[in-house]
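FYI, the numbering just counts along the sequence from 1. All figures in this text were calculated on a predicted structure; none of them were measured in a lab. Counting starts at 1 for both ligands and their atoms, in listed order.
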Amino acid sequence: MKTQAKASAPAKVILLGEHFVVHGEPAIVLAIDRRATVTVKMRSDQKIFIKSEDIGISGFFINDQFSPLKGGGEAERKLEPIYAVAREIIQKYHLKNGVNIEIESSIPIAAGLGSSAAVSVASAAALLSLFDLNKSKDDIFKIAFNAEKIIHGTPSGVDPAISTYGGILWYRKSQPIRRLDIDVDLPLIIGNTKKERSTGELVAKVNTLRRHYPSIIKKIIKAGGEIVKRSVKALREGDLKTLGELMNINHELLCAVGVSCEELENLVHAARNAGALGAKLTGAGGGGCMIALVSPEKIEDVAEAIDEAGGEVLITRKTDAGVTIER
Ligand code: PMV
């Protein structure tokens, strides 16, 4: 029996289709080379200790009761999904030991880059490895998806899917996950507004709007799906100009359902004015990050424009490495 195991999982950007994916339309998402790494160690008692040095929180869960050590009341909310992963594995496989779970991450938090899903996926993989449970990526995805449901009631599952499988995915709720083997270099610049927000609240906002104006909002959601379908052709042909235009239209639809904000608009418009082929918010919106598609000769101009407009620029690359057991 092992005493320790380690796993990592990538962050993501949603290229097209966020929010509309919650309502059954497809999304295209890619894994990026920022990762969350989780180390787990066996305990002799039944406590579950979770610590994230990067954000300065830690605490114990014992029989669903939380005792914070660092980070106070905030700690429970932030650590709960990781506890949910551990509890599900321990209960499902009738395990007797508790665990120490330690998180390190280079993914900005609550910024639309899938940080919580990456941590859940890496935690699930590390725990399954620690207990010598030889499970598939599909099992890891399911466990992490269940944990996400605790954070916001109706997640689409796109975040844990991309963190598990890596690469570029076509994701549609309740349908088999499709990997898009597209060999296109996507020069994306990420701009972070550094404004934290809650995915759950933004998803709920769109739900409310849909309830109040069903015939209008359903058409917007459907149009979001059409954009994603059309983009596959552009991606396959390496037609970045069309892809950029589709990203711009997608952004305006996200504005229409109320999930953009002034800070995101500033960065999106700065990027477009500096020559980006397309720019849009990515993830839940309301703050967090935007992405700009740029031709190579414009990378510096667009990065500088985002920086001058108050955004934190992140240069990342697509990664094919989904969840990985680290030695
Ligand atoms: O939590 P974020 O910002 O990475 O966004 C998740 C994407 C949404 O479509 C807004 C929600 C979901 O569950 O798909």
Please name all residues satisfying side-chain hydrogen bond (donor to acceptor under 3.5 Å, both in side chains) with Lys51, sequence neighbours left out, ordered by chain then number.
-> Glu53
Cation-pi, Phe145 ring and Lys149 (6.0 angstrom, 45 degrees) = yes
Can you name the one residue among Val259, Leu254, Ile220 that meets side chain to side chain contact (heavy atoms under 4.5 Å, CB included) with Val206?
-> Val259
Could you pull out all donor-acceptor pairs under 3.5 Å where a side-chain atom in residues 2-11 meets a protein atom, sequence neighbours excluded?
residue: Lys2; atom: NZ; partner: Ser129; partner atom: O; Å: 2.8
residue: Lys2; atom: NZ; partner: Ser129; partner atom: OG; Å: 3.0
residue: Ser8; atom: OG; partner: Arg35; partner atom: NE; Å: 2.9
residue: Ser8; atom: OG; partner: Arg35; partner atom: NH2; Å: 3.2
residue: Ser8; atom: OG; partner: Glu326; partner atom: OE2; Å: 2.6

Presence of salt bridge, Glu226 and Arg230, under 4.0 angstrom | no
Please list, one pair per line, the donor and acceptor atoms closer than 3.5 Å that link side chains of residues 285-301 to other protein atoms, with sequence neighbours excluded.
residue: Ser295; atom: OG; partner: Glu297; partner atom: OE2; Å: 3.4

Between ligand 1 and the protein, which N/O pairs fall short of 3.5 Å?
residue: ligand 1; atom: 1 (O); partner: Thr199; partner atom: OG1; Å: 2.6
residue: ligand 1; atom: 3 (O); partner: Arg197; partner atom: NH2; Å: 2.5
residue: ligand 1; atom: 3 (O); partner: Ala284; partner atom: N; Å: 2.9
residue: ligand 1; atom: 4 (O); partner: Lys12; partner atom: NZ; Å: 2.5
residue: ligand 1; atom: 4 (O); partner: Asp159; partner atom: OD2; Å: 2.9
residue: ligand 1; atom: 5 (O); partner: Ala284; partner atom: N; Å: 3.3
residue: ligand 1; atom: 9 (O); partner: His19; partner atom: N; Å: 2.9
residue: ligand 1; atom: 13 (O); partner: Ser156; partner atom: N; Å: 2.8
residue: ligand 1; atom: 13 (O); partner: Ser156; partner atom: OG; Å: 3.4
residue: ligand 1; atom: 14 (O); partner: Ser156; partner atom: OG; Å: 2.5

